Amino acid sequence: MPELPEVETVRRGLQPFMEGATVLAVEQRRPDLRFPFPDRFVERLTGRRIEALERRAKYLIVHLDDGLGLISHLGMSGSYRIEQDDGDQVPGTFQHERSKNAVHDHVVMHLGAKDGAKNRIIYNDPRRFGFMLFAEPGGLNMHPLIKDLGTEPTGNRLDGALLAKLFHNKGAPLKAALLDQKLIAGLGNIYVCEALWRAELSPRRMAGTIAGENGAATGMSERLAASIRSVIADAIKAGGSSLKDYRQADGELGYFQHSFSVYDREGAPCPRSGCGGTISRIVQSGRSTFYCPVCQH
DNA sequence: CGATCCACCTGTCGGC
DNA sequence: TGCCGACAGGTGGATC
């Protein structure tokens with residue numbers, strides 16, 4: 001589930017329950033996820049007030065009132081849900097079929113809101129590729145996992161000129177370059193496939209070939225930058241609009257998957273008007289790539 | 001240094 | 001119904 005738009009959707013769902021709340025208690029139910037939990041994980045969180053919940057690339061960062069940062073990554077299968085004191089799931093937060101998956105509830109944070117309401121924020125992660133680490137006060141931007149992250153594809157900082165500069169002289173295929181978090185931060189397998197389709201660029205094209213002389217912007221780099229921004233913006237918008245009835249939908253996967261043009265659509269007709277191609281699946285650096293060999297060059 | 005591969009886990013699905 | 005292999009939204013670390 002979690003590429004940038006999903007993480008942003010999670011952040012927006014959690015934010016109203018977390019910001020300003022006090023951590024009353026923490027249950028840490030196993031010693032590790034992908035990495036061991038930090039020393040004194042429970043003790044250092046308990047009693048703290050949460051000042052802000054931030055997203056950077058695919059990381060969530062909980063800012064605590066003593067300056068400590070809790071860095072949380074969802075890996076491949078991590079999710080958060082919120083339960084109120086009465087045990088009801090709060091609408092608009094990610095969820096699983098609770099009883100079946102409770103064995104994978106690895107962390108429970110008991111929060112007290114300013115108005116006295118109590119909620120539980122529950123981290124569930126069957127595959128345990130996710131993790132939680134601390135960034136010491138003032139050290140977030142020097143943290144090894146954070147410091148080398150590239151440009152966010154949200155807003156308008158990512159444009160054709162920047163993309164051309166980043167990819168200039170890169171021999172890797174576009175697919176690999178777009179997945180490189182040091183260049184652009186937050187894209188994953190799905191949205192890279194989707195962005196390349198929107199830009200009519202082949203995932204196999206060498207990244208450097210979309211840049212002009214000396215790394216200048218080109219029509220291709222402009223097109224790709226615009227496609228990345230639009231696919232991310234659309235997905236965030238879909239995540240947000242799905243939140244209000246997420247519970248009723250009873251779904252984990254949810255929303256934007258219905259808008260996929262190429263991802264997981266091998267054999268389907270290319271949705272581009274007049275193209276007539278068929279979506280292919282290939283493997284690049286060990287991961288599936290979906291694209292249309294007719295209209296993507 | 002950069003580029004490539006593997007490992008880390010569990011769950012699900014399709015084929016036999 | 002069961003068994004087995006392939007595959008899944010990510011990325012740190014080893015290796016070349």
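Numbered from 1 within each chain, the chains take letters A, B, ... in sequence-line order. Every heavy atom of this structure was used, including side-chain atoms; hydrogens, water molecules and symmetry mates were not. Note that the structure is predicted; figures quoted are calculated from it, not measured.
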Heavy-atom protein contacts under 4.0 Å, nucleotides 10-16 of chain C, coded B base, S sugar-phosphate only, - none: BBB----
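Regarding K182(A), its NZ atom lies at a distance of 12 Å from the P atom of dT4(B), rounded to whole Å. Rounded to a whole Å, the CG atom of D125(A) is 12 Å from the C1' atom of dG9(C). The nearest whole Å value for the distance from the CG atom in D264(A) to the C1' atom in dA8(C) is 9 Å. Here dC8(B) presents its P atom at 14 Å from CZ of R30(A), a figure rounded to the nearest Å. The CD1 atom of I282(A) sits 14 Å away from the P atom of dC7(C) (whole-angstrom rounding). What separates CG of L74(A) from P of dC9(B) is a distance of 18 Å, to the nearest Å. When rounded to the nearest whole Å, the span between CZ of R265(A) and C1' of dG9(C) equals 18 Å. D32(A) has its CG atom 19 Å from the P atom of dA7(B), to the nearest Å.
Between Y263(A) and dG9(C) there is a side-chain polar atom (N or O) within less than 4.0 angstrom of OP1 or OP2. Distances shown here put a side-chain N or O of S288(A) below 4.0 Å from the OP1 or OP2 atom of dA8(C).
Side chains of R198(A) and S230(A): a donor on one and an acceptor on the other come within 3.5 Å. Side-chain atoms of S72(A) and Y80(A) form a donor-acceptor pair, as typed in the model, at a separation below 3.5 Å.
A distance of about 15 Å separates the P atoms of dA14(C) and dC9(B), rounded to the whole Å.
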Evaluation steps, salt bridge (Lys or Arg N to Asp or Glu O under 4.0 Å), between E6(A) and R55(A): CA-CA 11 Å; E6(A) 289 73 24; R55(A) 179 193 59 74; over 6 Å; no
5'-to-3' dot-bracket of DNA chain B (Watson-Crick, G-U; under 3.5 angstrom; crossing pairs as [ ]; | other strand): .|||||||.|||||||
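At a threshold of 4.0 Å, the pair R81(A)-E83(A) counts as salt-bridged, since one of the basic side-chain nitrogens sits closer than that to a carboxylate oxygen.
Side chain of T46(A) to backbone of A25(A): no donor-acceptor contact under 3.5 angstrom is found.
Linking Ile, Leu, Val, Met, Phe, Trp and Tyr residues whenever their side-chain heavy atoms come within less than 4.5 Å places Y123(A) and V62(A) in a single cluster. By the rule that hydrophobic residues join a cluster once side-chain heavy atoms approach within less than 4.5 Å of another member, L187(A) and I146(A) end up as members of separate clusters.
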Extract all donor-acceptor atom pairs below 3.5 Å that involve side chains of residues 28-38 of chain A and protein atoms in other chains or at least two apart in sequence.
unit_1	atom_1	unit_2	atom_2	d
Q28(A)	NE2	R30(A)	O	2.9
R29(A)	NE	E27(A)	OE1	3.3
R29(A)	NH2	E27(A)	OE1	2.8
R30(A)	NE	D32(A)	O	2.7
R30(A)	NE	D32(A)	OD1	3.4
R30(A)	NH2	D32(A)	OD1	2.9

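Residue Y59(A) forms a side chain to side chain contact (heavy atoms under 4.5 Å, CB included) with just one option from H73(A), E54(A), H143(A), and that option is H73(A).
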